[in-house]
Amino acid sequence: MSRVVNFEISTNDPERTVQFYGKVFKWKMEKHDPFEYWLVNTGNDEMSINGAIKLNKFDIGVSNTILVDNYDEFANKIEKAGGKSLSGIIYIPKLGVTGTFQDTEGNKFAILEYGKKLRIHNKVVEGDINESIC
């Protein structure tokens, strides 16, 4: 069974949002330079799901990331069930691949496969890639 492993809170004022969640829930946050992106630690127990707060002036809200064992298989399942891909596949160095989707009701979410290497024209892509490969 696939489970939620990460969340992102998009906001037009990340510093105010960081202060709010830190004050209310005592979450620990660390800015991830050079972007307007803060890593969020909600706790260290088995029930904790960590995430991020990020600057996004046009798409405010919360998005969950769901861990899958095969990105391609689940991307296909999502589209066959009426969802759609919003980003294409994105390679994150030293982590794996991810992509953003929309369900049948317009809710956005991401899927993540740890450790998968991205292949372009039968060549494995490694190192730092700063943009998505669609």
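Because the structure is predicted, anything quoted here is derived from the model rather than measured.
- The 12-atom threshold is exceeded at CD of E79, counting heavy atoms of other residues, nucleotides or ligands nearer than 6.0 Å.
- Between Y71 and F101, the ring planes are tilted. Angles from 30° to 60° get that label.
- Residues forming a side chain to side chain contact (heavy atoms under 4.5 Å, CB included) with V18 (at least two apart in sequence, or on another chain): M29, W38, I53.
- Taken from CG in L95 to CD in E113, the straight-line distance is 10.5 Å, to the nearest 0.5 Å.
- The local environment of NZ in K31 is crowded, with over 12 non-hydrogen atoms from other residues, nucleotides or ligands closer than 6.0 Å.
- Taking CG from D103 and NZ from K84, the interatomic distance works out to 11.0 Å, rounded to the nearest 0.5 Å.
- Ring geometry, Y37 versus H32: the interplanar angle exceeds 60°, so the pair is classed perpendicular (tilted spans 30 to 60°).
- Atom OG in S63 sits 10.5 Å away from atom CG in N56 (nearest 0.5 Å).
- Checking side-chain atoms of Q102 against main-chain N and O of G106 turns up a donor-acceptor pair under 3.5 Å.
- In this structure, N50 contributes its side chain and T42 its backbone to a donor-acceptor pair below 3.5 Å.
- Heavy-atom minimum distance, G99 versus S87: CA-OG, 3.4 Å.
- Both Y21 and V4 are part of a single hydrophobic cluster, where members link through side-chain heavy atoms under 4.5 Å apart.
- Counting only distance, with no hydrogens or angles, the side chain of S2 and the backbone of L67 share a donor-acceptor pair below 3.5 Å.
- Between the side chain of T98 and the backbone N or O of I111 there is at least one donor-acceptor pair closer than 3.5 Å.
- Taken to the nearest 0.5 Å, the CG atom of L112 stands 10.5 Å off from the CD1 atom of I66.
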### Task
Given side chain to side chain contact (heavy atoms under 4.5 Å, CB included), test F109 with T100 step by step and report yes or no.
CA-CA 6 Å; F109 64 96; T100 303; over 6 Å; no
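- Atoms CG and CD, on D13 and Q19 in that order, are 8.5 Å from each other to the nearest 0.5 Å.
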### Query
Are V68 and E73 close enough, and set up right, to give a side chain to side chain contact (heavy atoms under 4.5 Å, CB included), and what steps lead you there?
CA-CA 9 Å; V68 298; E73 178 183 324; over 6 Å; no
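- Scored by the ring pair (Phe, Tyr, Trp, His ring centres under 6.0 Å) test, F74 finds no partners at all (sequence neighbours excluded).
- Here NZ of K54 is found 13.0 Å from CG of L39. Values are rounded to the nearest 0.5 Å.
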